[in-house]
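Step one of this worksheet: look at the structure below.
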Amino acid sequence: MKFESVPAEYQKKFDFLASMLKEYRINSGYSQNALIKELNLNLNRNTVSRAENAKNISLLSLFELAATLEIDLKELFDDDEEIWMIKKK
């Protein structure tokens, strides 16, 4: 379910950010549960799921996920999807 109050251009950014988080997690070899348990994160699986499904999460949760998956925050907020697609190859 998408947030109806979020403008379409922001929803597109949420969706892009969510897909990046999921791809980084999978490429790092973690399931959602393994990510939480093995790295002793202060998150739960629902938080990871919400992040990967473009749902609302706290900035603290986003920062913790990015740090754990070694994602540069600049990459998360880069509007140029083509640059990101090249970087991940």
Side-chain angles (χ1 to χ4, degrees):
M1 183 171 139
K2 304 291 183 205
F3 294 105
E4 293 186 28
S5 63
V6 175
E9 68 270 15
Y10 292 152
Q11 187 61 54
K12 182 179 176 187
K13 290 179 183 193
F14 284 151
D15 292 341
F16 178 67
L17 188 132
S19 68
M20 282 182 62
L21 288 171
K22 183 175 183 176
E23 184 145 346
Y24 268 87
R25 176 185 55 78
I26 291 169
N27 288 342
S28 295
Y30 292 108
S31 68
Q32 290 178 344
N33 285 329
L35 181 68
I36 301 302
K37 290 177 184 172
E38 289 181 31
L39 300 174
N40 198 26
L41 298 178
N42 294 320
L43 306 174
N44 61 45
R45 194 198 63 78
N46 288 336
T47 302
V48 176
S49 178
R50 289 176 59 80
E52 292 180 359
N53 287 295
K55 306 287 184 181
N56 193 16
I57 65 167
S58 73
L59 283 174
L60 182 60
S61 295
L62 178 61
F63 291 158
E64 191 167 17
L65 283 170
T68 301
L69 296 171
E70 299 178 359
I71 303 171
D72 184 343
L73 288 174
K74 288 174 22 180
E75 286 185 43
L76 281 179
F77 295 100
D78 189 349
D79 284 342
D80 192 345
E81 291 181 35
E82 282 186 32
I83 290 174
W84 184 75
M85 297 301 278
I86 292 168
K87 286 180 185 177
K88 72 176 187 173
K89 289 184 180 182

Contacts of S58 meeting side-chain hydrogen bond (donor to acceptor under 3.5 Å, both in side chains) (sequence neighbours excluded), chain-then-number -> S61
Test side chain to side chain contact (heavy atoms under 4.5 Å, CB included), reference V48, set I57, L65, N53, N33, output is L65
Applying side-chain contact (heavy atoms from CB on, under 4.5 Å), name anything that partners [X], two or more places apart in sequence or on another chain.
X	value
L59	L62, F63
A66	I71, L73, L76
A34	Y30, S31, E38
N46	N44

Step-by-step side chain to side chain contact (heavy atoms under 4.5 Å, CB included) determination, L69 to L35: CA-CA 9 Å; L69 296 171; L35 181 68; 3.8 Å; yes
As an exercise, state the distance from [atom1] of [X] to [atom2] of [Y], rounded to the nearest 0.5 Å.
X	Y	atom1	atom2	value
K22	L17	NZ	CG	14.0 Å
I36	L43	CD1	CG	5.0 Å
I26	L21	CD1	CG	11.0 Å

task: Can you establish whether the number of heavy atoms outside E70 located under 6.0 Å from its atom CD is more than 12?
output: no
Requested in this report: State, with a plain yes or no, whether a side-chain heavy atom of F16 is found less than 4.5 Å away from one of K12.
Outcome: no
Residue pairs passing the salt bridge (Lys or Arg N to Asp or Glu O under 4.0 Å) test with at least one member in residues 24-36, sequence neighbours excluded, are R25-E52
